[in-house]
Amino acid sequence: MKRTFSESLCELPDLRSEVLKLLAQVPVGQVTTYGDLARALGDEKTASARWLGAFFKDHDHQHGCTCHRVVRSNGEIGMYVTGDPNEKAGLLKKDGVMLTGLGNVDLACRFSDFHSVKPLKQLKEFQFTLAKRRQRKSQELTPRTFAGVDCAYRDDGNAVGAYVELDSETLAVTFEESVVAPVEFPYIPGFLSFREMPVLLLLLDKVRRRRDLADIIFVDGNGILHPRRAGIATCLGVLINRPTLGIGKSLLCGSVDTKRMRAGDIRPVYDNGELIGNALKTKNQSKPIFASPGNLISLEEATLFAKATMTKHRTPEPIFYADRFTKQLRKN
DNA sequence: GCGACAG
DNA sequence: ATCTTGTCGC
């Protein structure tokens with residue numbers, strides 16, 4: 001039996017070292033692309049290609065590093081760590097890679113036969129198992145307390161996690177807690193939970209040592225409004241076996257008609273014919289937010305609680321307060 | 001030019 | 001998420 005929430009999360013892969021292992025497989029005279037590396041990581045939709053670009057831009061570049069062999073899928077050389085693309089072109093030429101007159105590489109020498117454990121594919125499988133463990137029904141008890149959780153990032157590699165509890169009737173803040181914890185996993189669309197859950201689980205462990213968790217926990221991020229129905233609100237809710245609800249501020253997947261939406265309106269979000277969330281608006285002029293069930297809650301209730309807590313701000317009060325607390329703590 | 005992906 | 005000043009509106 002697990003003692004703490006933190007212990008319930010599996011060990012996460014070190015994506016940076018996995019990428020370097022893949023790079024080492026690209027032979028002299030050949031190149032690969034950001035998309036190819038993404039697929040080699042087990043990310044078929046190449047959602048991680050952007051992160052790969054950012055990673056190479058400021059990785060620990062040593063003499064002899066072969067990161068110049070990663071180019072764009074359209075043949076463009078792309079950026080280089082040193083900031084000088086010509087240097088990258090020169091190294092490719094020295095490698096024996098054919099360059100066109102416009103300075104593009106000939107992708108005939110493209111290498112993509114990688115040997116990999118496909119860490120992102122493994123994490124996707126984990127998401128599917130968590131999605132399967134999600135409980136759709138609630139306990140049908142009127143919640144007395146709501147809580148919001150959120151993270152803010154500091155430039156020292158740590159994140160600040162904040163938990164703010166509110167009275168469900170008055171929406172007055174009744175309790176606050178926070179933690180500072182290291183963050184190693186990058187932000188990749190569809191994999192947000194692996195970046196923020198370690199912080200949030202520590203935070204909830206800390207809260208639990210002082211009091212019972214709130215009846216409903218609002219999470220900054222989606223629940224089942226996710227390509228694998230495993231957004232951070234769902235993953236977190238399943239791991240702690242508590243009711244959670246996801247609040248997204250932009251649409252991750254699916255489609256919804258938000259034309260001429262007015263305050264109080266509710267619009268369904270569908271993905272492949274499946275109803276996975278609702279768009280809601282606080283004010284006519286503000287952009288909508290997207291509510292979806294995390295765990296132990298129905299879409300109807302998740303939407304109801306989100307709407308009931310949307311008063312003076314764009315997001316539900318628990319999310320607004322957690323977000324503000326988190327940014328306030330980041331300074332101190 | 002198209003498509004565009006939580007935080 | 002983060003980088004950022006003043007400014008428009010309730």
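Note that this is a predicted model, so its numbers are computed, not measured. Note: hydrogens, waters and symmetry copies are ignored here, and every other heavy atom, side chains too, is used. Order of the sequence lines fixes the chain letters, A, B, ..., with proteins taken first and strands second; residue numbering starts at 1 for each chain.
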Locate the shortest heavy-atom distance separating A:Phe126 from A:Leu9; write the atom from each residue and the value.
CE2-CD1, 4.1 Å

Nearest heavy-atom pair of A:Ala291 and A:Leu280: which atoms, and what distance?
CB-CD1, 4.1 Å

Using a strict 4.0 Å threshold on nitrogen-to-oxygen distance, state whether A:Asp150 and A:Lys327 make a salt bridge.
no

With a 4.0 Å cut-off on heavy atoms, is [X] in touch with a base, just the backbone sugar-phosphate, or nothing at all?
X	value
A:Lys327	sugar-phosphate
A:Ala152	sugar-phosphate
A:Arg330	sugar-phosphate

For A:Phe185 and C:dA1, give me the distance from atom CZ to atom P, rounded to whole Å.
19 Å

Rounded to the Å, how far apart are A:Lys283 NZ and C:dG9 C1'?
9 Å

Flag, side chain of A:Thr32 to backbone of A:Asp36, donor-acceptor distance under 3.5 Å
no

Any donor and acceptor pair, going by atom type alone, linking the side chain of A:Ser168 with main-chain N or O of A:Arg144 inside 3.5 Å?
yes

Answer yes if the side chains of A:Thr303 and A:Asn278 hold a donor-acceptor pair under 3.5 Å, and no otherwise.
yes

Counting Watson-Crick and G-U wobble pairs whose two distances are both under 3.5 Å, find the runs of 3 or more in a row that involve DNA chain C.
none

So how far is it from A:Gln30 CD to A:Asp95 CG, rounded to the nearest 0.5 Å?
10.5 Å

Atom pair CD/SG of A:Glu196 and A:Cys235 - distance to nearest 0.5 Å
12.0 Å

Are the ring centres of A:His61 and A:Tyr80 closer than 6.0 Å?
yes

Same apolar cluster: A:Leu202 and A:Phe175, side chain cutoff 4.5 Å
no

Sequence-aligned protein contact record of nucleotides 2-7 of chain B, with B where the base is within under 4.0 Å of a protein heavy atom and S where only the sugar-phosphate is
--BBBB

Got a sec: does the CG of A:Asn74 have more than 12 other heavy atoms crowding it under 6.0 Å?
yes

Both atom distances under 3.5 Å, Watson-Crick or G-U wobble: I'd like the secondary structure of DNA chain B as a dot-bracket string, with | for pairs made across strands.
.......

